[in-house]
Structures are given as structure tokens and as C-alpha cells.
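Chain A is the first sequence line, chain B the second, and so forth, proteins listed ahead of strands; every chain is numbered from 1.
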Amino acid sequence: MRSHDHRSHTWQASDYDLAATLGCGQAFRWTAARGAWEGVVSGRWVCLKQSGETISAECPADQRDWAWLEDHLQLHVDLAAVLASFPDDIPLRSAVGACRGLRLLKQEPWECLASFICSSTKQIVQIRQIIALLSERFGDPIPSMHGLAHAFPSAAQIATATEAELRACKLGFRAPYLLATARRIASGELNLDALTAMPLAGAREQLESLPGVGRKVADCALLFGFGFPTAFPVDVWVLKALRQLYFPKRKPRPARLRHFADTYFGPHAGYAQQYLFHAMRLGKLSPATGLPG
DNA sequence: GTCCAGGGATTCA
DNA sequence: TGAATCCATGGA
């Protein structure tokens, strides 16, 4: 055991729930194994552990620096400041109380976009399986601490696949969407790197022009991959949360809910969305905790 | 607005 | 243990 090697690193991270963060369904390449979390970030295999307020990482090879992982885990984010920006209402208090230390990750844009194209009407466990198959079959082999692992395939790598090969990765009707989008990215017809510097609405419009990318998938990519803090993905869980908690005993039209989501939650709306999403899935939000009226 | 497109994990009888 | 339900939806 070496104490000053470059294969492992530790951080002090207060108010950080690693298990909730990696397992809540925002990213799909993390698996819990023997009290640790193993995953692939930016083409690097890594094993993470949390003990109290210490997070440790171990890689199969020496690392020059750990900025790639610090960025992915968003270790610099002041969670208290994020939570303080939320509207002070009963649903969010309840969600925050149920998900202490839940964080948003910063994923690679292409991987995130592709993952959520695969996500439509799939459950999180199934999405993980799809992403694992895509990586095994089309991604670059990389070293891990037990045999070979695989990087998430680039758009160019997926673009070389056939629709049948993608369907064999359990994509079903999503296969042609992913293939067509990969080709548009790989050809340079749409440059994902340019989206980061654009206003949210413009970036969203660009993403929604891609096959298989509607409002919800675009918002997931914008929030989890491109770092737009006000993107607010509305999936079936968040829809349920909004209806039950903010509009009980009413039947708001979808456009009304959309407007509410886009205007109510403040500068870190995406974070608020993640708390509502996760708390709802945990069954920690009940209609009884909703607002009056 | 309605309908359809994989399929398997999960739930429930 | 077999059937029903549900799923981080988008497009025609």
C-alpha cells in the first residue's frame, strides 16, 4: 500500500451523499459494488468510496490530476447556497429533507445526450443495461481494477453501427433515433461543443432538432451534460410531483405546468427538479405535504 | 388530441 | 408463478 501514489485521492466533502448522487438516475454508468461505486468518467475507470465526509477515488493507473473527477462530481459546488435559492415551500422542504446531500453531476455532453435518447419509456435499471451494452460493443477498451472496461462510445463510433446492432443492445424503437443523431453529430452538422456558450433556449432548440430529442430529453442533456442550471426536465415522476404537490385538486393544462416549472423554482431550478424527482421515487413525498389550494 | 413503438424489471394476485 | 403494469418519450 502506497500512501503517496497517484492512483488514489481523497477529498473532504460535507453534505454530499455519494450513493444518492450516483444512483438516482441522472447517470447510468455507476454500479454499487462491495460498498463502493465503480464507473467510467471521461474514458477513465474509477472506484469511489464514501466514509463520513471523506470521498476517496482509486484508478487503475496514475493520474496527472483529478480535475476530471472533481468536475464530474461537482465537488466545488456550495450545496447550501443552492438549497437556499429554492422557493421556501413545503414540497421542497420535504424533498430536501428526504434527500440530504443529493448532488447534480456534470456529465460529458454527448454521453448524456445519447443516454437520455435511450431512456424514453425505459426504467432506470434498463437504461443502465442499454448503456452498458453500447459501451461494451462500441466503446474503446480501457483498463479497470478487474479486467477491461469500456469507455462510452463516441458519436462517430455509434455512427458506424447498424440499426440492427443497436437494436441488439435493447434499444428497440430508440435505435434509429440514436443512430441518426450520432450521424448528425459525427458529421459535424451539429457541434455540441458550441451549445455551452449559447443561451438556454437556443441550445435547447438545437438539441430538439435532433431525432429522438424532445423537450424532456433536451432538458436532461442541458442540465446534466451541458451545465444549464435552470433546465427543468419533466418526466412522469416530476409531472406527478408537480400535480400532486403544487396543483392538488386541480387539473392544470400541460402548458400551465410547463410555465410554472420554468418560472417558479429560481436560478437552480434543475437542482430543485432533481430533489423532487428523487424524493418522489423514494416515496417520500405524499399529497398531504402539498400546498393548500 | 390519439396512437404506437421494445421489453424486461417490478408488482401483485 | 403468471399476468398486469410501468417506465427520466418522441414522432407520425
Side-chain touch A:L22/A:L73, heavy atoms, less than 4.5 angstrom: yes
4.5 Å side-chain heavy-atom contact, A:F28 and A:L134: no
Intermediate values then yes/no, side chain to side chain contact (heavy atoms under 4.5 Å, CB included), A:E111 and A:S115: CA-CA 6 Å; A:E111 175 174 346; A:S115 296; 4.0 Å; yes
5'-to-3' dot-bracket of DNA chain C (Watson-Crick, G-U; under 3.5 angstrom; crossing pairs as [ ]; | other strand): |||||||.||||
Touch class at under 4.0 angstrom, heavy-atom based, for A:R174 against every strand present: base
Sugar-phosphate, base or nothing in reach of A:I117, heavy atoms under 4.0 Å: nothing
Separation of C:dC7 C1' from A:R128 CZ (nearest whole Å): 13 Å
Test: A:R204 and A:D262 ion pair at under 4.0 Å: no
Side-chain touch A:L75/A:Y16, heavy atoms, less than 4.5 angstrom: yes
Nearest-angstrom distance from the residue atom CG of A:L242 to C1' of C:dA8: 13 Å
Nearest-Å distance for atom pair CZ/P, residues A:R281 and C:dC7: 10 Å
Comparing A:P254 and A:L171 on DNA chain B - which has the more 5′ nearest nucleotide: A:P254
For atom CD1 of A:I130 and atom C1' of B:dG8, their distance in whole Å: 10 Å
Ionic contact status for A:D88 with A:R93, cut-off 4.0 Å: yes
A:K251 NZ to B:dG1 C1', straight-line distance once rounded to whole Å: 12 Å
P atoms of C:dA8 and B:dC4, separation to the nearest Å: 22 Å
Report all interatomic pairs (protein N or O, nucleotide N or O of nucleotides 9-11 of chain C) with separations under 3.5 Å.
from   : atom 1 : to     : atom 2 : distance (Å)
C:dT9  : OP2    : A:T121 : N      : 2.9
C:dT9  : O5'    : A:T121 : N      : 3.4
C:dG10 : OP1    : A:G214 : N      : 2.8
C:dG10 : OP1    : A:G214 : O      : 3.2
C:dG10 : OP1    : A:K216 : N      : 3.4
C:dG10 : OP1    : A:V217 : N      : 2.9
C:dG10 : O5'    : A:G214 : N      : 3.4
C:dG11 : OP1    : A:G212 : N      : 3.0
C:dG11 : O4'    : A:Y177 : OH     : 3.4

Contact check, side chains of A:S94 and A:K284, non-hydrogen atoms, under 4.5 Å: no
Proximity to DNA chain C (any heavy atom under 4.0 Å), residues of residues 102-114 of chain A only: none
Which pairs, protein N/O on one side and nucleotides 9-13 of chain B N/O on the other, fall under 3.5 Å?
from  : atom 1 : to     : atom 2 : distance (Å)
B:dA9 : OP1    : A:Q129 : NE2    : 3.4

A:F224 and A:L104, any side-chain heavy atoms less than 4.5 Å apart: yes
Geometric class of the A:F228/A:F226 ring pair [parallel <30°, tilted 30-60°, perpendicular >60°]: tilted
Steps toward side chain to side chain contact (heavy atoms under 4.5 Å, CB included) verdict (A:Y177, A:V217): CA-CA 12 Å; A:Y177 295 152; A:V217 170; over 6 Å; no
Heavy-atom side-chain contact between A:L285 and A:Q244 under 4.5 Å: no
Parallel, tilted or perpendicular: rings of A:W68 and A:W66 (30°, 60°): parallel
Within residues 34-43 of chain A, residues whose heavy atoms come under 4.0 Å of DNA chain C: none
Side chains of A:R103 and A:D15 in contact at under 4.5 Å (non-hydrogen atoms): yes
Sub-4.5 Å side-chain heavy-atom contact between A:P87 and A:L92: yes
Atom pair distance, as rounded to whole Å: CG in A:L133 and P in B:dG8: 11 Å
Atom-pair distance (CZ on A:F277; P on C:dC7), nearest Å: 10 Å
Atom-pair distance (NZ on A:K240; C1' on C:dT5), nearest Å: 12 Å
Pair A:T121-A:R174, side chain to side chain donor-acceptor pair (under 3.5 Å): steps then yes or no: CA-CA 10 Å; A:T121 58; A:R174 305 153 196 84; 3.2 Å; yes
Ring geometry between A:F265 and A:F232 (parallel below 30°, tilted from 30 to 60°, perpendicular above 60°): parallel
side-chain hydrogen bond (donor to acceptor under 3.5 Å, both in side chains) partners of residues 136-150 of chain A, not counting sequence neighbours, each pair once: A:E38-A:H146, A:D140-A:Q157
